[in-house]
Amino acid sequence: MIQIKTDEDIEMMRESAELAAEVLLMIEPYVKPGVTTNRLNDLCHDLIVSRGAVPSPLGYKGFPKSICSSINNEICHGIPSDRKLRNGDIVNLDITTYLNEFHGDTSKTLHVGSPRPKSSRLVETCREALQKAIEVVRPGAHFGDIGATIQTFTEGRGYSVVREFCGHGIGRSFHEDPQVLHFGRFGEGAELKKGMVFTIEPMINEGKCDLEILSDKWTAVTKDGSRSAQFEHTVAVWDNGCKVLTRLDGKTTF
Ligand code: MF3
Ligand code: CO
Ligand code: CO
């Protein structure tokens with residue numbers, strides 16, 4: 001069952017979502033060669049708890065850290081560690097906060113040091129795919145429109161779309177109905193209605209879409225070792241479109 005949130009719910013959610021966005025803005029300048037993902041995790045954790053919020057990933061189904069950090073060929077759910085980021089790496093930082101009894105979820109892929117041209121094209125395509133998908137969100141559209149928009153655009157650029165992970169309804173629970181697929185056909189799937197709140201979080205690979213899960217039981221990596229990028233926003237369906245709850249106007253760059 002896809003919940004319909006009230007205006008009040010959505011305003012409460014906005015605070016949590018905006019905190020997640022703020023954490024992502026705060027951490028960006030720390031993403032430099034030599035920094036460990038544990039250090040990034042700790043900085044994010046401290047800002048979240050200083051605001052009276054809770055980092056949603058910590059302890060979620062046994063996840064051991066407060067953020068997810070996924071490097072290069074890692075698709076998602078990477079666990080922060082003492083690994084140092086290196087010049088030319090790409091890293092997705094996925095921030096989810098719990099505040100006001102609601103979750104907010106956003107992520108971005110960043111370049112470490114000097115961007116490699118090939119990675120820039122991958123990352124930029126993923127960012128644009130999310131933006132194009134956000135632009136189709138309005139009452140009366142279908143979930144299939146979101147998936148088809150992402151799939152046609154990214155496959156047209158020669159990339160593949162990950163199938164095993166998807167966006168999700170979000171609210172008082174981290175993951176709610178529906179599953180928001182990043183591939184599909186226009187006009188298919190449930191109809192979008194005002195008050196639905198969900199994430200869109202495409203993961204796209206330079207090579208094939210196949211993945212493996214590492215022995216840590218969390219980290220998803222590309223089977224062919226190719227690089228993978230992801231961007232995520234939490235959106236609320238609204239009158240003639242949607243509100244992007246994880247965007248801080250004039251500050252957030254995606
Ligand atoms: N934030 C991720 C998402 O976008 C979920 C992370 S689950 C965790 O849905 F346990 F790995 F944190
Ligand atoms: Co999510
Ligand atoms: Co997320």
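In each ligand, atom 1 is the first atom listed, and ligand 1 is the first ligand listed. Predicted model only: the values in this text are computed from it and were never measured.
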| Proximal heteroatom of His168 relative to the Co ion (ligand 2) (N/O/S) |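 Closest to the Co ion (ligand 2) among those atoms: NE2.
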| query | How is the N/O/S atom of Glu201 that comes nearest to the Co ion (ligand 2) named? | reply |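 Per the distance ranking, Glu201 contributes OE2 as its closest N/O/S atom to the Co ion (ligand 2).
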| request: Could you please compute the angle at the Co ion (ligand 3) from OE1 of Glu232 to OD2 of Asp94, rounded to 10°? | output: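 Rounding to the nearest 10 degrees gives 90°.
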| query | Any side-chain heavy-atom pair from Phe183 and Ile146 closer than 4.5 angstrom? | reply |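 No - every pair of side-chain heavy atoms lies 4.5 Å or more apart.
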| said: At less than 4.0 angstrom from any non-hydrogen atom of Asp105, what atoms of ligand 1 do you find? | reply: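 So the atoms of ligand 1 that pass are 1 (N), 3 (C), 4 (O), 9 (O).
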Would you say the rings of [Y] and [X] are close, in the sense that their centroids are separated by under 6.0 Å?
| X | Y | answer |
| --- | --- | --- |
| His175 | Tyr60 | yes |
| Phe174 | Tyr98 | no |
| His182 | Phe165 | no |

| message | Show, in sequence, the C-alpha distance, side-chain angles and deciding distance for Glu206 and Arg157, and conclude whether the salt bridge (Lys or Arg N to Asp or Glu O under 4.0 Å) test is met. | response | CA-CA 10 Å; Glu206 256 177 354; Arg157 292 261 181 110; over 6 Å; no
So which bit of [X] gets within less than 4.0 Å of ligand 1, heavy atoms only: side chain, backbone, both or neither?
| X | value |
| --- | --- |
| Cys68 | side chain |
| His168 | side chain |
| Thr199 | neither |

| said: Less than 4.0 Å is my threshold; does some heavy atom of Phe165 fall inside it relative to ligand 1? | reply: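 Per 4.0 Å heavy-atom rule, Phe165 does not contact ligand 1.
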| query | Does some non-hydrogen atom of Glu232 fall short of 4.0 Å from ligand 1? | reply | yes
| request: Measure from atom 1 (N) of ligand 1 to every heavy atom in Asp94, Thr106, Leu58 and give the option owning the shortest one. | output: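 It is Asp94 that holds the nearest heavy atom.
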| said: Distance to the ring centre below 6.0 angstrom and angle to the axis at most 45 degrees; does that hold for Lys108 and Phe231? | reply: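 Judged by the rule, Lys108 and Phe231 form no cation-pi pair.
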